[in-house]
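To find a chain, count down the sequence lines: A is the first, B the second, and so on, and within it residues start at 1.
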Number of protein chains: 2
Amino acid sequence: MKLNKNRTLRESIADALRDSIMQGQLKPGVKISEPALASQFGISRTPVREAFRQLDSEGFLQVLPRRGARVAPLSEKDVREFYEIKAELESYAARLATSRLTEKEIDRMEFLNNQMETFHREKDYKKVFNLHNEFHEVFIRAGGNEQLHHLLQMLASKFQRFRILLTIAGKSEGSIAQHREIIEAFRSKNPDKAARLVAENAIFGKEVIISEILGEMQ
Amino acid sequence: MKLNKNRTLRESIADALRDSIMQGQLKPGVKISEPALASQFGISRTPVREAFRQLDSEGFLQVLPRRGARVAPLSEKDVREFYEIKAELESYAARLATSRLTEKEIDRMEFLNNQMETFHREKDYKKVFNLHNEFHEVFIRAGGNEQLHHLLQMLASKFQRFRILLTIAGKSEGSIAQHREIIEAFRSKNPDKAARLVAENAIFGKEVIISEILGEMQ
DNA sequence: ATAGCTGCATCTGTATACAGTTTTTATACA
DNA sequence: TGTATAAAAACTGTATACAGATGCAGCTAT
């Protein structure tokens, strides 16, 4: 983890911590020691504390007054609720995007989805995950509601540690097939169909996570 | 603004600032001086800075590295986007709530709406606003998706300074009438109708704000 | 007058100090 | 062996100190 830049220490620490949590290296419920982190990075507690406040508001940490910070645990209910919200918001984005997506953008979605398939076969799941995100990003952005985009970004990163499991478990074929249908709906300028398919795609993700991933994690 | 409690100074400061911003006392774009605020409350800069970080993540402040904090400005586009997101999420909540709302809860909604009408006539707009929030809260909670509730809470408070203008401008009759229809839809257990009406209620709010309020503010 | 520079006052980011809490460890007791 | 308790250690919240960055008033030169 590199610190130096024009960026403040607080920013660097917040980013590093957020990444570790998103990547799942820091497990839910684990206590994060302020002094330990500070000395680990060779800095004082002040910027660490400020990073904590930020990550607390973002939902990555749970900071209890006078009892320190721990990685925010996410329950099965949280995951379920997240996917249902995602389904609503992304299908809304899809509806907005239908009339706005350029042919070039749709081509790009097709390209990204094909790449996903390739890397899925090669079992390069990290790449598959990133491509998956990029695919959704295209139509969310195209919808034109920037706050919606921002909100979905925020939610996605908060639940990244779960979403990435889905990819790693090699469960992406279903999504890839669904993406083809979504592309088709966008090409034929059918907002209702696009919205419905995008919602189904999210719910599909929820089902797989709940039944196949969370079950096994106990 | 009272400080003392078991609460930390940071919490108190964050709450006080957030309130001032929500209430519109602190205007968008206004710079907030860290040392001034600290001495105004008779405390050191440390808790003030931590409160800043929190409010930045929550979207109330805009903190630029080495250039201080200012109240986050909200554009007309932001307001428009907010109401559209609210329409989607609340109508989803309404759909969920339809099968779950008890008769008692629906009665309560009716009571709250009647109170709104009373206080609207008496021009006690602060009360009208709070009742309005409570009305929506009933079915959002009843939907059972706690993260959805939390998200809507967050968004509503971020845009409270605009939403409250709507009430203060005495534009609540429309909402009150729409609420009656919504109650009716809930009573007849019609989720599609409830969802549609709730979305329309949000879009109505958007229209009024945009055309009557923001126009006049220049 | 305007554009650009200079130096000062102010502010921000970070480190450090310290008191009051919380947690841990150690000890005594059942 | 387990539980209650007291003392110690570690941690949190806040204050303070200070160096470097920023912004502004006034000055110079065009």
Taking for each residue the nucleotide of DNA chain C with the nearest heavy atom, is it A:P65 or B:I32 whose nucleotide lies nearer the 5' end? B:I32
Whole angstrom value for the distance that separates [atom2] of [N] from [atom1] of [X]:
X	N	atom1	atom2	answer
A:R67	D:dT12	CZ	P	12 Å
B:I43	D:dG13	CD1	C1'	11 Å
B:F41	D:dG13	CZ	C1'	17 Å
A:L37	D:dC11	CG	P	12 Å

Respond yes when some side-chain nitrogen or oxygen of A:R45 is under 4.0 Å from OP1 or OP2 of D:dC11, and no when none is. no
Would A:R18 and A:D15 count as a salt bridge (Lys or Arg N to Asp or Glu O under 4.0 Å) if you check the C-alpha gap in whole Å, the side-chain angles of each, and the deciding distance to 0.1 Å? CA-CA 5 Å; A:R18 195 188 299 102; A:D15 290 351; 3.0 Å; yes
Under 4.0 Å between any heavy atoms, over every strand shown, what does A:R10 touch: base, sugar-phosphate, or nothing? Just pick one. sugar-phosphate
Side chains of A:E137 and A:H149: do they bring a donor and an acceptor to under 3.5 Å? yes
Chain B reaches DNA chain C, atoms under 4.0 Å from its heavy atoms, from C:dT12 to C:dT14
Ranking D:dG13, D:dC11, D:dT22 by distance to the side chain of B:R66, first place goes to D:dT22
Below 4.5 Å, heavy atoms only, C-beta onward: do B:H120 and B:Y125 meet side chain to side chain? yes
Is the closest side-chain heavy-atom distance between A:R80 and A:I210 below 4.5 Å? yes
List the atom pairs, with distances to 0.1 Å, where a side-chain N or O of residues 60-69 of chain B and a protein N or O form a donor-acceptor pair under 3.5 Å, not counting sequence neighbours.
residue	atom	partner	partner atom	Å
B:R66	NH2	A:N6	O	2.7

Indicate yes or no for a side-chain donor-acceptor contact from A:D78 to the backbone of A:S75 under 3.5 Å, with no hydrogens or angles considered. yes
